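Below: one structure, written as structure tokens.
Because the structure is a prediction, the values reported are computed rather than measured. Throughout, residue positions are numbered sequentially from 1 according to the sequence presented.
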Amino acid sequence: MAEEENSGVPVASLVFTFLGVFSAVYCFLAAANRSMRRKNRKKKPLPSPPSIASLPFIGSLLFMRCGGRFHRFFANRAKILGPIFTCYLGSKKALVLNDRKTIEEALIKKSFYFSDRHVHYTLDKYYNQNHKGVVYRQNDENFSKDHRQVMEILKEMGMGRSLMEERIQYEVEELLVHLEEQKEKAFNPQPLVTRCTMNVVVNVLFGKRLEQSSPTINELAENVYKFLHMNKQAIDYCPPLRFVPYFRRTIEEGFRYHDGIFRFIRDSIRASLEPGASESFVERYVKKEGPAYDREELRYTCRELIDAGTDTSSVTILWCLVELANSGRIQGRLRDQIDSAIPSDRMPCLRDVPSIPYAEAILLETWRWRAPLPLSVPHKTNGDTELRGYHIPGGIMFGHDHYEPMGGKEGFAPPTFSFLPEKVVTIKMRSSLVCIVFPHSNNRFTNPGIQTRYGHGYIFRTQPNLSKLQPNPTHASNWVT
């Protein structure tokens with residue numbers, strides 16, 4: 001009996017000890033849970049950005065009456081809705097960023113969340129079904145590898161240094177020769193500028209330029225221009241429109257332009273890989289990848305480099321010519337600085353850039369004054385995040401409007417949107433975003449090349465001396481500003 005009583009004492013003690021510890025842990029967890037629930041009740045969910053009115057399937061397009069100047073419409077709407085708002089482009093919800101601070105925070109401070117790429121419906125379904133290239137595809141592991149490969153090859157070839165300088169100088173000489181041949185006749189400079197710009201890119205890619213009189217370069221320039229500027233945005237935002245006869249014909253025409261570009265690329269790649277061919281991007285790409293290189297990836301990469309490099313640069317040069325032709329004061333000051341800093345027996349080069357700051361100012365001011373793409377190429381968020389007090393969901397398409405940051409009170413230029421390169425010389429730019437240049441423009445009010453298609457003539461009277469370039473006064477009243 002004594003042994004049974006003694007053996008029962010420790011068991012009871014253990015039971016009471018266990019119950020005490022369990023009660024203490026339970027009370028602690030209950031208190032922590034109550035505290036967390038209190039905090040969650042006090043923390044309100046972030047609001048969604050304000051939105052422009054919309055209708056099913058059509059979206060906000062009926063409420064965006066701006067004559068095609070969407071960048072100006074968004075800038076004006078931002079004064080009411082704020083720097084962040086949404087709209088519906090067809091059935092797709094889009095986020096619009098307007099002011100400089102918002103764009104900086106999204107693209108620099110929160111670049112991880114705003115770094116994904118929006119897939120264009122028409123390109124993905126019809127013209128790039130296998131997701132090749134380095135521009136029009138989503139940001140995945142293969143994209144990062146391919147993009148890094150392209151950049152390494154271009155750097156090895158001297159991109160930004162000798163690679164471009166010699167080729168640009170040669171095309172400038174060709175441009176000047178053709179300008180002198182006009183002998184004061186009125187002419188449209190767009191085809192000439194486009195061919196010279198395209199030849200720089202073609203020379204880098206394939207190691208050989210095309211003659212200005214060659215029908216090949218004229219056909220290539222026409223195919224690239226029409227493929228970039230055909231009306232495919234409506235199908236991107238409202239896919240059922242592809243069954244409408246007008247848009248079905250647009251898709252079929254796009255195949256014709258696309259096939260024409262690829263025929264040129266296939267023939268040029270074959271010629272670049274022949275023994276004795278000049279050094280080129282294609283040659284280095286094949287050496288790095290080996291005999292089993294992805295031929296389709298190389299073709300799409302070449303196509304995108306031709307598209308992006310040609311259109312952006314030619315649009316910038318054309319707008320620069322427009323302003324120089326309309327401003328004798330700016331043109332004269334530029335000419336005086338070039339004559340004083342560079343000997344007349346040679347072409348300007350990269351080492352002359354510090355000596356001609358006014359020329360660089362004109363270039364930067366041209367990018368600000370007439371950005372090739374005032375609305376950026378659409379991107380996509382890759383996760384939920386917060387921006388300026390608003391909840392931004394993952395997977396939403398977004399773009400940023402450069403019109404207000406580059407020309408309004410947020411930028412360094414006066415709100416009159418006039419062309420003033422002196423402001424660039426005297427005032428340091430507060431943000432590198434002011435000078436972002438994007439692949440191409442589909443806005444006829446900001447692209448001088450497109451305006452010729454609508455009857456707004458950019459025709460110049462020229463003297464053999466480029467400094468006397470003047471616009472034809474009979475067409476000056478038609479210029480859209």
Side-chain angles (χ1 to χ4, degrees), residues 54-70 73 87-94 117-133 135-138 194 218-266 296-297 299-304 306-308 310-311 315 373 375-380 395-397 399 438-447 449-456:
S54 62
L55 296 173
F57 301 108
I58 301 175
S60 306
L61 296 177
L62 288 181
F63 303 94
M64 297 163 61
R65 299 175 183 176
C66 52
R69 306 185 187 193
F70 292 105
F73 172 82
C87 64
Y88 279 87
L89 301 175
S91 58
K92 290 189 177 181
K93 189 175 183 180
R117 291 172 172 262
H118 170 69
V119 177
H120 296 262
Y121 179 83
T122 51
L123 292 174
D124 187 57
K125 184 174 178 62
Y126 298 109
Y127 308 117
N128 192 3
Q129 296 178 345
N130 295 327
H131 308 102
K132 301 293 184 178
V135 177
Y136 299 113
R137 58 184 284 191
Q138 283 191 308
T194 302
N218 292 324
E219 181 183 357
L220 177 62
E222 182 179 5
N223 287 333
V224 168
Y225 178 84
K226 290 184 176 180
F227 181 74
L228 286 175
H229 300 293
M230 69 181 190
N231 188 16
K232 57 182 181 289
Q233 285 73 25
I235 306 174
D236 287 336
Y237 302 133
C238 189
L241 288 177
R242 68 186 186 276
F243 299 111
V244 177
Y246 168 77
F247 292 104
R248 172 59 61 183
R249 288 194 298 271
T250 299
I251 294 172
E252 292 172 356
E253 290 175 358
F255 277 116
R256 188 168 69 252
Y257 306 141
H258 187 265
D259 292 343
I261 298 171
F262 265 68
R263 279 196 303 272
F264 168 78
I265 292 175
R266 281 195 296 268
E296 191 177 15
E297 177 68 31
R299 291 168 187 167
Y300 273 93
T301 299
C302 291
R303 191 209 72 183
E304 292 172 348
I306 292 173
D307 292 350
T310 299
D311 195 68
V315 166
L373 191 60
L375 292 176
S376 69
V377 174
H379 282 61
K380 187 174 66 173
I396 187 173
M397 179 177 66
F438 290 88
H440 59 82
S441 170
N442 291 318
N443 189 315
R444 68 186 180 96
F445 293 99
T446 59
N447 189 330
I450 295 178
Q451 289 191 13
T452 58
R453 204 175 78 193
Y454 289 84
H456 303 289

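- Looking at residues two or more places apart in sequence or on another chain, you find a salt bridge (charged side-chain N to carboxylate O under 4.0 Å, His left out) between E222 and K226.
- Annotation: salt bridge (charged side-chain N to carboxylate O under 4.0 Å, His left out) contacts of E304 (sequence neighbours excluded): none.
- The ring pair (Phe, Tyr, Trp, His ring centres under 6.0 Å) search around Y126 returns none, not counting sequence neighbours.
- When all heavy atoms of L228 and D307 are compared, the closest pair comes out as CD1-O, 3.8 Å.
- Applying the side-chain hydrogen bond (donor to acceptor under 3.5 Å, both in side chains) rule to H120 yields no partners; only residues at least two apart in sequence or on another chain are considered.
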Exercise for the section: Begin from the C-alpha positions of Y225 and T194 and carry the test side chain to side chain contact (heavy atoms under 4.5 Å, CB included) through to its verdict. Expected result: CA-CA 9 Å; Y225 178 84; T194 302; over 6 Å; no
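- At least one side-chain heavy atom of L55 sits under 4.5 Å from a side-chain heavy atom of F63.
- S54 pairs by the side-chain contact (heavy atoms from CB on, under 4.5 Å) definition with S60, Y88, not counting sequence neighbours.
- Taking the side-chain hydrogen bond (donor to acceptor under 3.5 Å, both in side chains) definition, one finds that E253 meets it with nothing, sequence neighbours left out.
- The nearest pair of heavy atoms linking G260 to N223 is CA-ND2, 3.7 Å.
- For K132, the salt bridge (charged side-chain N to carboxylate O under 4.0 Å, His left out) partners two or more places apart in sequence, or in a different chain, are D294.
- To the nearest 0.5 Å, atoms CZ (F264) and CG (L220) are separated by 5.0 Å.
- The ring pair (Phe, Tyr, Trp, His ring centres under 6.0 Å) search around F255 returns Y127, not counting sequence neighbours.
- Under the salt bridge (charged side-chain N to carboxylate O under 4.0 Å, His left out) criterion, the residue pairs touching residues 254-266 are E219-R263, with sequence neighbours excluded.
- Using a 4.5 Å heavy-atom cutoff, the side chains of F227 and I261 are in contact.
- Remark: Y121 engages R242 in a side-chain hydrogen bond (donor to acceptor under 3.5 Å, both in side chains) (not counting sequence neighbours).
- The minimum heavy-atom distance linking G133 with T301 is given by the pair CA-OG1, 3.9 Å.
- Side-chain contact between I235 and K125 is absent, with no heavy-atom pair separated by less than 4.5 Å.
- With sequence neighbours excluded, the residues forming a side-chain hydrogen bond (donor to acceptor under 3.5 Å, both in side chains) with D236 are T122, listed by chain and number.
- Heavy atoms only, all atoms of each residue included: E296 and N130 are closest at OE2-ND2, 3.0 Å.
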